[in-house]
2 protein chains.
Amino acid sequence: MPEGNGLGVTISDVARLAGVGRGTVSRVLNERANVDPRTRSRVLEAIAALDFVPNPTARRLSLRRTQTIAVILPFLTRPSAVERLRGVEAALVRGGYDMIVFNVETVERREAVFRDLPRRERVDGLIIISLSPHETELERIGRIDLPVVLIDAHHRTLPRVVADDVLGGRLASRHLLALGHRRIGFIGDIPRIPLAFTSSRLRLTGVRREITAAGLTIPASLVAIGDHSPRRSTELATRMLTQRLPPTAIVCASDTQAAGALEAANALGMNVPGDLSVTGYDDIELADHLGLTTVRQPLFESGVRAVERLLGMIHGTPPGVLREVQPISLVVRRSTAPPSV
Amino acid sequence: MPEGNGLGVTISDVARLAGVGRGTVSRVLNERANVDPRTRSRVLEAIAALDFVPNPTARRLSLRRTQTIAVILPFLTRPSAVERLRGVEAALVRGGYDMIVFNVETVERREAVFRDLPRRERVDGLIIISLSPHETELERIGRIDLPVVLIDAHHRTLPRVVADDVLGGRLASRHLLALGHRRIGFIGDIPRIPLAFTSSRLRLTGVRREITAAGLTIPASLVAIGDHSPRRSTELATRMLTQRLPPTAIVCASDTQAAGALEAANALGMNVPGDLSVTGYDDIELADHLGLTTVRQPLFESGVRAVERLLGMIHGTPPGVLREVQPISLVVRRSTAPPSV
DNA sequence: CTCTGGCATGGAACCGGTTCCGATTGTAGC
DNA sequence: GCTACAATCGGAACCGGTTCCATGCCAGAG
């Protein structure tokens, strides 16, 4: 254990040097009224002279507040999740809070995190990204009255920041229908029930509704589900494109998967958008780069909003509307065009 | 401020219920010897009955240890950085430490982080990814005697986990030279001096050395520097490929930039690897997906190793060799082939 | 049977802040 | 000149743990 604890200057040292009591130093530090200006400046001088900085741990214990927020997210691997995290981080820094991160990639880890974390003494609040809490997990959080905000996840009773994924599915397919496509495929995620929440299913629902509304149907052979990797998506797209009646367009549940589909088309010598249209979801940097038509949702901003709401709750503001829906929009680029036939 | 602090059970409550002193409860909690087995089990019963969990903040104050590590990294946007962070997170969880993350994307933020963070008693240690500390920053850290480990960054006196970027540059270009390429280009990062550390320069050095060793040179027209985005890389590659004497191969300082170069070739109607060979760096998931020949470095593992070393330092193990070099290797995929001419 | 030594344990002191209470000082009002 | 009250401030108590020290008790040695 390292011994030298640097400048071990405490509030008592400051008090002694300034010739005042500890309480007075504390009052100066916290900018309370009722401190004589002359006393105040003497204290400030002492603080400067000693290069004193208050010990946050002691402060936390005394105030029973940690100034720390925990963020739980699965899949730190996904660009969209990381982008939300960036938003959270930026907003927390502005608010003077620390962010501690829990990446849950397995069910065991998920259980461990929900068992250990939600203790009042550890954090002041919780942000959960792309993960819908179970009832038992929720019950534990509720019992200790810990403020929580979800991002991209659902629960009837919890404040959350989401986008309308059904609408997103509709926007993508509406665009393709308007271009004249009639055989539209879908590539999405496995709904990994025990672990994470996946928006993929909702997007598929949107696609289905829009296509049904147009008087068409989407055959089972044009719906492919697999894990989130572009490689898997390439396999699925290849299989879909090489069957008897291939689609003229594919809606993908993420930009990453759309990149996989583009790769498949490329390998098969198909021209995008000439022979095949592809849409993505999220509008991450990759989408711009690939010229992907995609559904844009405000990822960074979702993190910012979640923090704003969480800090509001911590400071006693009523949570307002539970389900905050963020706007989404279709970004048309060069991966979609009318079908050639 | 919310009042209900859930189960506000303290060690005193446990002591009272078990009919022992607080010290004894603490001894049981910390599995110290010198506790009578009968007393021990009475205490354990009381703990279970009250569902008691020690308050970490109080523990921290008393032990003068935070059980928390700070991670500073620029560019949470880059897949390679995130992958390192994943490794750090995984290893810290195993060690029972919390991770607090600081994403620095501007110079102001960098300054703020280095000013506020290494204040005593905030964290037990520091991991810095892809950012070489200035002397002034270092002096501040050194003064408070805070253990630090760098990842993918350099400083003579600090323990660090790095890979040999010069070698990486050589591996990529050696491969291309062996295939018969003679005009080899390079696309890399701006060396953003005030903010982050960039390995790009070192990789270019490696490329230069290898090419020089082969009796060739690399003209200025074949070296392009730009920011890290694939879009920018596409622009640079396009310009490079449309000049009078275009390269037959391009070494890129990252997989992301290689993706940009592939995109440029694609747009120009060039066949990869027929008309152009491209290499990347890092071997992120994208590289596998694109079939990119690349230099693989253990990103996740770099985070794990940094944590192992940091925790060792915290527990008093001598740091050993300062500069720990991780192995890298060339992964040959389908983006490289002999030149057609 | 007494002395000695060691184990178990209660409780005080401490970590470094905040806050509350009561005392002191100063001043305005009569 | 005295009272009343407000402003200011010192210091105790507290947040909830850990650790050290002193004490009580018991067993074994002489």
Side-chain angles (χ1 to χ4, degrees), chain A residues 1-3 5-44 46-47 50-68 119-122 124 144, chain B residues 1-3 5-44 46-47 50-68 119-122 124 144:
Chain A
M1 212 170 308
E3 188 41 50
N5 61 348
L7 328 160
V9 181
T10 74
I11 207 169
S12 299
D13 300 324
V14 176
R16 202 174 312 120
L17 181 61
V20 300
R22 305 202 301 157
T24 302
V25 177
S26 179
R27 280 184 281 266
V28 170
L29 283 173
N30 294 287
E31 297 176 356
R32 288 231 166 347
N34 298 344
V35 177
D36 186 283
R38 291 193 308 277
T39 310
R40 157 182 236 82
S41 68
R42 247 190 315 143
V43 169
L44 290 176
I47 288 175
L50 296 172
D51 196 15
F52 166 75
V53 182
N55 178 325
T57 301
R59 199 144 196 283
R60 281 164 200 195
L61 179 60
S62 184
L63 291 175
R64 324 177 96 210
R65 219 186 322 121
T66 62
Q67 286 287 312
T68 301
R119 315 220 96 119
R120 243 279 184 253
E121 307 82 13
R122 280 199 75 183
D124 295 341
I144 60 167
Chain B
M1 216 170 305
E3 184 42 48
N5 61 348
L7 327 162
V9 180
T10 74
I11 208 169
S12 299
D13 300 323
V14 175
R16 202 174 313 121
L17 181 62
V20 301
R22 306 201 299 158
T24 302
V25 177
S26 178
R27 279 183 282 266
V28 171
L29 282 174
N30 295 289
E31 294 175 354
R32 287 232 166 346
N34 298 347
V35 177
D36 186 285
R38 292 191 309 276
T39 311
R40 159 183 234 81
S41 67
R42 253 191 310 145
V43 169
L44 289 176
I47 287 174
L50 296 172
D51 195 16
F52 166 74
V53 182
N55 178 325
T57 303
R59 202 146 192 281
R60 281 166 200 193
L61 178 60
S62 185
L63 292 174
R64 325 177 98 213
R65 219 186 321 124
T66 63
Q67 287 286 309
T68 302
R119 297 278 186 178
R120 9 175 285 85
E121 298 304 341
R122 269 198 84 180
D124 294 340
I144 62 168

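Only heavy atoms go into these numbers, but all of them, side chains included; no hydrogens, no water, no symmetry mates. Everything quoted here is computed from the prediction, not taken from an experiment. Naming: A, B, ... by sequence-line order, numbering from 1 per chain.
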Exercise for review: Check whether any side-chain heavy atom of Val28(B) sits under 4.5 Å from a side-chain heavy atom of Leu44(B), and report yes or no.
Suggested key: yes
Point to revise | 4.5 Å side-chain heavy-atom contact, Leu29(B) and Phe52(B) | key: yes
Review point. dG17(D) C1' sits how many Å from Leu50(B) CG, rounded?
Key: 16 Å
Review point. Is any side-chain N or O of Arg27(B) under 3.5 Å from a base N or O of dG10(C), one able to act as donor and the other as acceptor?
Key: yes
**Study point:** Any N/O donor-acceptor pair, Ser62(B) side-chain to dG17(D) base, under 3.5 Å
**Key:** yes
Point to revise | Ser12(A) side-chain N/O to Thr10(A) backbone N/O, donor-acceptor pair under 3.5 Å | key: no
Point to revise | Distance-only polar pair, side chains of Arg60(B) and Asn55(A), donor-acceptor under 3.5 Å | key: no
Practice item. Could you tell me whether Val35(A) contacts a base, only the sugar-phosphate backbone, or nothing, with contacts defined as non-hydrogen atoms closer than 4.0 Å? Key: sugar-phosphate
Check your understanding: Please give, in whole Å, the distance from dC25(D) P to Asn34(B) CG?
Key -> 18 Å
Point to revise | Rounded distance in Å - CG (Asn30(A)) to P (dT19(C)) | key: 6 Å
Review point. Looking for any heavy atom pair under 4.0 Å, which part of the strands does Arg60(A) touch: base, sugar-phosphate only, or nothing?
Key: nothing
Check your understanding: Reckon Arg32(A) touches a base, only the sugar-phosphate, or nothing at all at heavy-atom distances under 4.0 Å?
Key -> sugar-phosphate
Review point. Hey, is the side chain of Arg59(A) pairing donor to acceptor with the base of dG16(C) inside 3.5 Å?
Key: no
Review point. Counting only side-chain N and O atoms of Thr24(A), is one of them less than 4.0 Å from OP1 or OP2 of dG10(D)?
Key: yes
